[in-house]
Amino acid sequence: MSDISGLHKMNVKQRREVIASRSNGAYWSDLDTGGLTMDVADRMIENVIGIISYPVGVATNFMINGKDVLVPMSLEEPSVVAAASKAAKIARAGGGFIAEADEPVMIGTVQLVDVKDVYEGVKNIMESRKEILKMANEMLPEIIRNAGGVFDFEVKPLYTESGNMLVFYFYVHVLDAMGANTVDTVAEGIAPFLAEKSGGRYLLRILSNYALKRIARATAKFPISELGKNGEDAAEGLIHAYNLARADIFRAVTHNKGIMNGIIAVANTINNDTRAIEAGAHAYAARSGRYMPLTDYRLEGDYVIGKIELPLQVASFGGSVGLNAVNKIALNIMKNPGSKGLAEIMASVGLAQNFAAMYALVTEGIQSGHMRLHAKSLAISAGATVSEVDEVANRMVREKSVNFDSAKKILEELRAHS
Ligand code: MEV
């Protein structure tokens with residue numbers, strides 16, 4: 001079960017024991033070190049001089065498609081894990097999240113320039129359909145080919161400031177990978193043939209992060225009875241908040257940023273390409289020509305119904321997934337969902353995160369909860385030891401003065417009196 005009460009009150013060792021007893025097992029010692037060895041780090045990027053770590057937390061209470069899921073999350077920002085867990089608890093009372101994701105299909109592109117007659121080029125490429133699909137699939141590992149491989153393509157003329165050109169889009173089933181390597185290999189492999197057929201030459205050969213064939217959706221019924229004693233007001237407030245995001249880009253961007261707090265935090269635990277996820281999500285938010293919220297809300301009877309829909313180009317395998325030992329632990333905690341299952345979890349977390357932020361904003365505001373946690377980080381930065389942190393943080397919150405100078409002052413006073 002994922003509805004573990006009081007996880008936040010346990011120490012790290014106790015939490016690990018509880019999480020281990022409810023997941024597929026894990027090598028917890030890797031969580032002490034951040035999971036990345038210097039040897040691996042030195043091969044991951046260039047000019048390596050070290051490793052930076054982030055905390056890994058676990059969000060509780062998620063029930064997705066009738067199954068309990070514990071969700072590992074990693075980010076630098078306090079409150080996010082607590083907020084996701086809180087919203088998941090409310091959603092759970094309404095039956096949890098119902099989520100679904102498209103098949104993991106990525107889009108590759110090849111740019112064809114100096115095409116003398118774009119219509120002739122399109123015609124020649126379309127007439128070579130069988131050959132192109134065959135050639136593209138021959139470049140793929142058998143396992144991807146068997147899953148569907150490159151199964152379709154389109155070609156589009158574009159009239160640009162540097163003249164007419166063609167863009168060739170092809171669609172690849174990438175199984176549990178994000179797909180960048182697979183797609184780029186095919187793009188580079190088929191480009192010369194496409195160029196020949198188009199009567200021009202190829203230039204860019206790269207996947208598109210506008211992963212429109214890889215949409216994930218989640219919905220949840222948040223019972224108004226779970227929204228505190230002024231639940232009706234909170235529910236009405238949520239709809240006002242949502243409509244502000246629909247009407248005003250300044251709010252919509254922040255609304256969507258809150259969604260990405262959850263999604264990216266999960267992605268971080270499994271070395272997924274967070275820039276790709278962000279780029280795709282924000283482009284999708286603007287697909288109508290106007291930047292809009294990625295979630296939808298409406299009141300229906302005793303519930304606030306929340307929905308989210310966005311492209312999620314996520315991987316449970318391949319690329320950098322697994323280079324950090326924590327990736328495996330995180331996947332185990334989620335019971336190894338595969339890329340589709342992962343997209344369903346991330347969409348649900350995004351919705352939960354957004355609901356929690358809006359609920360806080362329309363009730364007590366975001367700062368009180370945030371400040372309680374922020375105070376702890378400040379206390380640590382000011383030099384508080386494990387036994388001093390809570391006292392320093394609590395005093396800052398009580399005195400409504402949560403900042404570094406206060407943390408230092410309180411710590412000095414505390415030590416002077418002990
Ligand atoms: C902070 O990281 C995220 C929020 O600003 C999101 C929102 O306003 O909806 C709280």
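Here, residue 1 is the first one in the sequence, and each next residue gets the next number. Atoms within a ligand are numbered from 1 in the order they appear, just like the ligands themselves.
Residue contact check: Leu361 has heavy atoms under 4.0 Å from atoms 7 (C), 8 (O), 9 (O) of ligand 1. Contact atoms of ligand 1 toward Thr254: 5 (O), 6 (C), 7 (C), 8 (O), 9 (O) (distance under 4.0 Å to a heavy atom of the residue).
Between Asn354 and ligand 1, not a single N/O pair is under 3.5 Å apart.
There is no side-chain donor-acceptor pair under 3.5 Å between Thr109 and Arg205.
Residue Met358 places no heavy atom under 4.0 Å from ligand 1. Not a single heavy atom of Gln353 sits closer than 4.0 Å to an atom of ligand 1.
Between the CG atom of Leu194 and the CD atom of Gln111 there is a distance of 12.5 Å, given to the nearest 0.5 Å.
At the shortest separation from atom 10 (C) of ligand 1 among protein heavy atoms lies Ile366 CD1, 3.7 Å. Looking at atom 1 (C) of ligand 1, its nearest protein heavy atom turns out to be Glu77 OE2, 3.5 Å.
Nearest-residue assignment for atom 9 (O) of ligand 1 (options Met260, His255, Arg251; heavy-atom criterion): Arg251.
For the pair Glu413 and Arg395, the salt-bridge criterion is met [side-chain N within less than 4.0 Å of a carboxylate O]. Using a 4.0 Å cut-off between charged nitrogen and carboxylate oxygen, Arg22 and Asp68 do not count as a salt-bridge pair. Residues Lys328 and Asp30 are not paired through a salt bridge, judged by the lack of any N-O separation under 4.0 Å between the basic side chain and the carboxylate.
Annotation: cation-pi pair Arg129/Phe153 present, NZ/CZ under 6.0 Å from the ring centroid and within 45° of its normal.
In this structure, atom 4 (C) of ligand 1 has its sub-4.0 angstrom surroundings free of protein heavy atoms.
With a heavy-atom cut-off of 4.0 Å, Asn261 touches ligand 1 through its side chain alone.
In this structure, the side chains of Val56 and Tyr54 stay at 4.5 Å or more apart for every pair of heavy atoms.
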